[in-house]
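What follows is one structure encoded as structure tokens, with my remarks underneath.
Lettering of chains follows the sequences in order, A, B, ..., and the numbering in each one begins at 1.
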Protein chains: 2
Amino acid sequence: MAIQKPRTLSGFMELLPGDQVLFDRMVALLRESYSLYGFTPLDTPAIESSEVLLAKGGGETEKQIYRFTKGDSDLSLRFDLTVPLAKYVALHYNELTFPFRRFQIGKVYRGERAQRGRFREFYQADIDVIGDGALDISNEAEIPSIIYRAFTSLGLERFKIRVNNRKVLNGLFDILGLGERAGDVMRTIDKLEKIGREKVLAILTDDFGVSAAAAAGLLDLLESPDPLTALEAYRAKDETFDAGLEELGTVVKYMSAFGVPADHFMVDLTIARGLDYYTGTVYETVMLDHPEIGSICSGGRYDNLAEYYTDKQLPGVGISIGLTRLFFVLQDQGLLNGDLITAPADVLVLPMTEDLSHAISLSTSLRGAGIRTQVYTEPKKFKAKMNYANKLGIPFVAFLGEDEVRAGKVTVKNMLTGEQESLDLGAAPTALAARAAALGGGAPIREPANG
Amino acid sequence: MAIQKPRTLSGFMELLPGDQVLFDRMVALLRESYSLYGFTPLDTPAIESSEVLLAKGGGETEKQIYRFTKGDSDLSLRFDLTVPLAKYVALHYNELTFPFRRFQIGKVYRGERAQRGRFREFYQADIDVIGDGALDISNEAEIPSIIYRAFTSLGLERFKIRVNNRKVLNGLFDILGLGERAGDVMRTIDKLEKIGREKVLAILTDDFGVSAAAAAGLLDLLESPDPLTALEAYRAKDETFDAGLEELGTVVKYMSAFGVPADHFMVDLTIARGLDYYTGTVYETVMLDHPEIGSICSGGRYDNLAEYYTDKQLPGVGISIGLTRLFFVLQDQGLLNGDLITAPADVLVLPMTEDLSHAISLSTSLRGAGIRTQVYTEPKKFKAKMNYANKLGIPFVAFLGEDEVRAGKVTVKNMLTGEQESLDLGAAPTALAARAAALGGGAPIREPANG
């Protein structure tokens with residue numbers, strides 16, 4: 001028979017077992033963090049009708065979309081979790097209770113050019129709060145605390161959540177006479193960190209005809225070390241600006257009550273988030289020691305989630321973590337916790353008798369105590385069996401020979417310390433459950449001690 | 001702007017929030033059961049290169065496959081989790097430790113004709129044990145105990161695991177002189193339960209030229225109430241048969257050590273499993289009160305998992321649960337546990353003051369105690385706020401007004417009993433965590449008491 005060389009498509013992440021355990025642990029911790037804030041889990045199809053998924057049309061992502069026909073149907077794979085959410089909320093509007101708070105962790109697809117660290121299939125981990133007609137500003141204040149808890153639970157410490165408000169920016173542009181070029185200006189200052197002050201000044205003055213004084217004044221303000229105070233000078237000149245400043249103040253005001261430490265949060269007026277649909281607060285999150293990675297969690301407030309699907313006004317606020325890319329970067333930077341136990345079992349039972357009944361009964365009791373247990377039954381040499389436990393990092397090996405069975409005992413070897421002990425068969429489940437639990441989990445991310 | 005009518009493709013399951021919680025709980029319980037047996041989680045891409053995915057070629061599923069091109073690539077969506085596993089094991093052979101035990105719970109795609117209860121995107125929940133060159137029979141004996149634990153953890157009680165062995169069947173056919181028609185005969189007796197004895201007899205004699213005596217003898221044996229004893233009469237006539245009988249005996253022998261109650265398990269010689277690649281033990285699982293549903297968990301032993309991708313001999317044993325269809329059936333039959341709490345939060349905090357700081361601080365403390373907490377901040381009437389908690393089924397509402405804040409108290413209403421109590425703010429997290437935990441989870445499936 002002809003052999004087909006096995007391969008996995010480039011741009012598609014496929015992890016080895018140990019890494020998969022770490023990845024799954026990150027997913028579990030994000031689920032837990034999101035759940036603590038009262039978000040309900042959601043799952044939507046990966047395939048949607050193209051006319052539904054692409055209702056918004058155009059856009060940069062359209063050419064990346066996996067689109068195909070099956071029978072008479074024009075189908076597309078989802079490229080984010082926001083459009084399917086918009087569809088879901090519009091479709092099930094009458095069956096949902098608003099504000100509707102959902103999280104979704106799932107795969108999305110973009111046929112991008114293959115490139116190291118770029119994925120064509122990747123997980124997004126999103127939360128959104130959707131209001132019916134209105135949504136209180138406090139929801140925007142809550143988001144940074146969710147980001148803080150989520151990343152802290154993953155083990156990340158050295159990160160900062162940056163917050164801005166699009167109304168503040170838009171109002172400011174109007175006040176400075178840049179209103180007509182607001183979009184261009186916003187996209188330009190969004191690049192400030194990347195290309196630097198001088199280049200931004202040049203683009204503003206040369207390409208968009210902003211006066212040198214206005215451009216410099218704007219940049220001074222955006223780069224102010226105390227932006228909230230600096231913004232006060234512009235109050236009462238523009239309604240949008242005043243509304244935005246009020247919102248930004250509210251978000252900042254509640255940070256400490258939400259449990260976000262001051263050093264993990266800042267107002268950063270240079271953050272604009274390119275996407276057109278953000279209308280209020282916007283968020284970015286950066287790793288302090290890895291600014292080159294860019295934002296690892298971004299989002300913002302939008303005024304109309306589902307305008308392509310319904311006449312209902314559904315404002316919301318949401319954030320998204322690109323989990324596959326984040327995992328790749330953490331792995332690449334050596335930031336995954338190598339001490340985390342990724343073995344598939346806590347205990348490997350090695351039967352040393354012909355009849356396996358006793359070993360199997362022991363494994364059944366161990367599982368009854370919640371211990372992940374495997375009975376190793378392949379007819380291999382003793383050394384090969386121990387090697388199996390070692391390779392997989394299984395922390396305990398339980399030997400059950402004739403002598404042990406007769407004495408009602410089991411010999412247990414701690415593979416981490418090499419210590420060996422004899423336990424009563426009846427007491428083994430409780431004892432081993434405690435030992436396995438003591439090995440603990442730990443967080444999947446571990447930053448170097450010297451930060 | 002033109003409104004695009006939102007819709008979800010037919011054959012694609014999209015659940016409302018409460019049902020999604022139940023579905024996710026089933027997934028979590030299956031993960032837990034599989035993990036207790038030392039299986040490691042795996043995730044593979046939903047898209048594979050067509051030449052890799054369809055290496056086996058032909059087959060009934062091929063026309064159902066979602067296949068398309070993107071750029072120069074001929075791509076296909078996976079239609080099961082077995083072929084991707086074969087690819088994975090062949091591709092990563094040198095990095096894996098054998099026996100390799102993995103579980104995978106993920107979506108697969110089949111463009112079947114749309115039909116009630118048939119899905120084009122559905123979850124499979126698979127486990128497989130893959131050996132390198134050989135795999136001990138005890139692995140085949142272990143599978144029913146995993147099935148038993150998995151379904152019991154879901155809350156299912158009235159089910160039975162049926163086991164057979166293909167070697168026994170093949171040997172028997174040889175002994176009865178039906179060897180050349182083995183495939184046809186096997187497919188025919190596989191339909192025994194569906195079409196009945198008389199029709200099977202007719203097909204065997206009329207279509208396949210089996211003598212009436214041989215056909216009747218075969219059916220008597222297959223339908224014997226004590227198949228293991230009945231099979232003894234054929235021992236020592238055929239090597240394959242003897243090997244199969246030995247294996248079947250071993251599987252049965254270890255059932256009680258594996259903790260499977262006798263009434264949840266039976267040898268059923270009529271089970272053949274159509275798929276060609278099964279070579280030893282085969283499994284089916286039926287709900288006693290719903291035989292019309294067919295097998296809810298099937299699988300078996302195969303001798304060569306990855307023959308299309310590698311020269312290595314990789315025997316294995318595995319089972320698969322069609323989770324989406326199972327969920328649909330349970331929902332349809334009213335077997336989902338309606339008492340399970342599916343609310344997104346345990347506590348809804350209602351601030352009764354202008355400044356939200358105290359309410360937010362309380363929510364932060366509650367979350368610190370592991371309580372899923374939402375602060376309700378929309379400016380609605382009191383009745384609307386309570387209605388929100390009611391609609392979502394949130395079990396506790398915490399009121400924080402001026403008086404409470406001044407006295408360092410919080411008023412908590414149990415929405416299930418209507419009881420109201422005043423708690424010290426400092427003691428509230430611990431007290432409410434205990435109350436929320438006491439509401440318990442329960443299993444997602446609940447069968448009627450009268451069975």
Side-chain angles (χ1 to χ4, degrees), chain A residues 1 3-4 6-9 12 14 16-17 20-21 24 35-36 38-49 51-52 55 66 68 70 87 90-92 95 97 99 101 107 111 121 136 138 254 257-259 307-309 344-345 356-357 360-361 364 367 372-374 377-378 388 391-392, chain B residues 1 3-4 6-9 12 14 16-17 20-21 24 35-36 38-49 51-52 55 66 68 70 87 90-92 95 97 99 101 107 111 121 136 138 254 257-259 307-309 344-345 356-357 360-361 364 367 372-374 377-378 388 391-392:
Chain A
M1 183 167 49
I3 297 285
Q4 166 66 45
R7 64 188 169 88
T8 298
L9 291 164
F12 287 72
E14 185 169 79
L16 287 173
Q20 187 69 55
V21 170
D24 285 8
S35 296
L36 275 176
F39 289 82
T40 197
L42 210 65
D43 186 22
T44 60
I47 306 178
E48 299 272 4
S49 161
E51 65 172 353
V52 172
Y66 288 95
F68 51 93
K70 178 81 183 167
K87 180 216 73 176
L91 181 60
H92 303 290
E95 297 151 296
T97 307
R101 299 160 73 89
K107 287 177 171 179
E121 174 187 71
D136 193 75
S138 58
Y254 289 130
F258 269 123
E307 55 185 331
Y308 300 96
Y309 305 121
L356 302 175
S357 301
I360 293 171
S361 293
T364 302
R367 291 182 190 120
R372 300 175 307 143
T373 307
Q374 180 185 345
T377 52
E378 302 310 304
Y388 183 82
K391 269 190 177 165
L392 288 176
Chain B
M1 184 167 49
I3 297 286
Q4 166 66 48
R7 65 189 168 90
T8 297
L9 291 163
F12 288 72
E14 185 169 80
L16 287 173
Q20 187 68 55
V21 170
D24 286 8
S35 296
L36 274 176
F39 289 82
T40 197
L42 210 65
D43 186 22
T44 59
I47 306 178
E48 300 272 3
S49 161
E51 64 172 354
V52 172
Y66 288 96
F68 51 93
K70 178 79 182 167
K87 180 215 73 175
L91 181 60
H92 304 290
E95 298 150 296
T97 306
R101 299 161 73 88
K107 287 177 173 179
E121 175 187 71
D136 193 76
S138 58
Y254 289 132
F258 270 123
E307 55 185 332
Y308 299 97
Y309 305 122
L356 302 175
S357 301
I360 292 171
S361 293
T364 303
R367 289 180 191 123
R372 301 176 306 143
T373 307
Q374 180 186 345
T377 52
E378 303 309 304
Y388 183 82
K391 269 188 177 167
L392 289 175

query: chain A: which of B/T44, B/L356, B/V21 shares the most heavy-atom pairs with it under 4.5 Å?
result: B/L356
field: Separation between CG of B/L91 and OG1 of A/T8, rounded to the nearest 0.5 Å
entry: 5.0 Å
- request: Would you check if A/P344 and B/R101 make a side-chain contact, meaning some heavy-atom pair closer than 4.5 Å?
  value: no
- prompt: For the residue pair A/D24 and B/P41, what are the closest heavy atoms and their distance?
  reply: OD2-CB, 3.2 Å
field: Main-chain N/O of A/I360 paired with B/Y254 side-chain donor or acceptor, under 3.5 Å
entry: no
- prompt: Do you know which of B/A90, B/S138, B/A55 has the most heavy-atom pairs under 4.5 Å to chain A?
  reply: B/S138
- prompt: Roughly how far, to the nearest 0.5 Å, is the NZ atom of B/K107 from the CG atom of A/D43?
  reply: 4.0 Å
- prompt: For A/G38 and B/A345, which heavy atoms make the closest approach, and how far apart are they?
  reply: CA-CB, 4.1 Å
- prompt: Side chain, backbone, both or neither: which part of B/E48 has an atom under 4.5 Å from a heavy atom of chain A?
  reply: both
query: Closest approach of B/V52 and A/Q4, non-hydrogen atoms and distance?
result: CG2-NE2, 3.8 Å
- request: Taking all non-hydrogen atoms of both residues into account, name the closest pair between B/T97 and A/Y388 and its distance.
  value: CG2-CD1, 3.5 Å
message: Can you tell me which portion of B/F39 sits under 4.5 Å from chain A's heavy atoms? Options are side chain, backbone, both or neither.
response: backbone
query: How are the rings of B/F68 and A/F68 set relative to one another: parallel (under 30°), tilted (30 to 60°) or perpendicular (over 60°)?
result: parallel
field: Heavy-atom pair count under 4.5 Å with chain A, highest-scoring of B/P17, B/A257, B/S49
entry: B/A257
message: Could you walk me through whether A/Q20 and B/T40 satisfy the side chain to side chain contact (heavy atoms under 4.5 Å, CB included) test, starting with their C-alpha distance in whole Å, then the side-chain angles of each, then the deciding distance to 0.1 Å, before giving a yes or no?
response: CA-CA 9 Å; A/Q20 187 69 55; B/T40 197; over 6 Å; no
- line: Between the CG atom in A/L16 and the CG atom in B/L42, the distance rounded to the nearest 0.5 Å is 9.0 Å
Closest approach of A/P6 to B/Y309 (non-hydrogen atoms, all atoms of both residues): CD-O, 3.5 Å
statement: Of the listed B/H92, B/E95, B/E51, B/K391, the one with the largest count of heavy-atom pairs under 4.5 Å with chain A is B/E51
message: Restricting to salt bridge (charged side-chain N to carboxylate O under 4.0 Å, His left out), what partner residues turn up for B/E14, sequence neighbours left out?
response: A/K87
field: Where B/E378 and A/P99 come nearest, the two heavy atoms and their spacing
entry: CG-CG, 3.5 Å
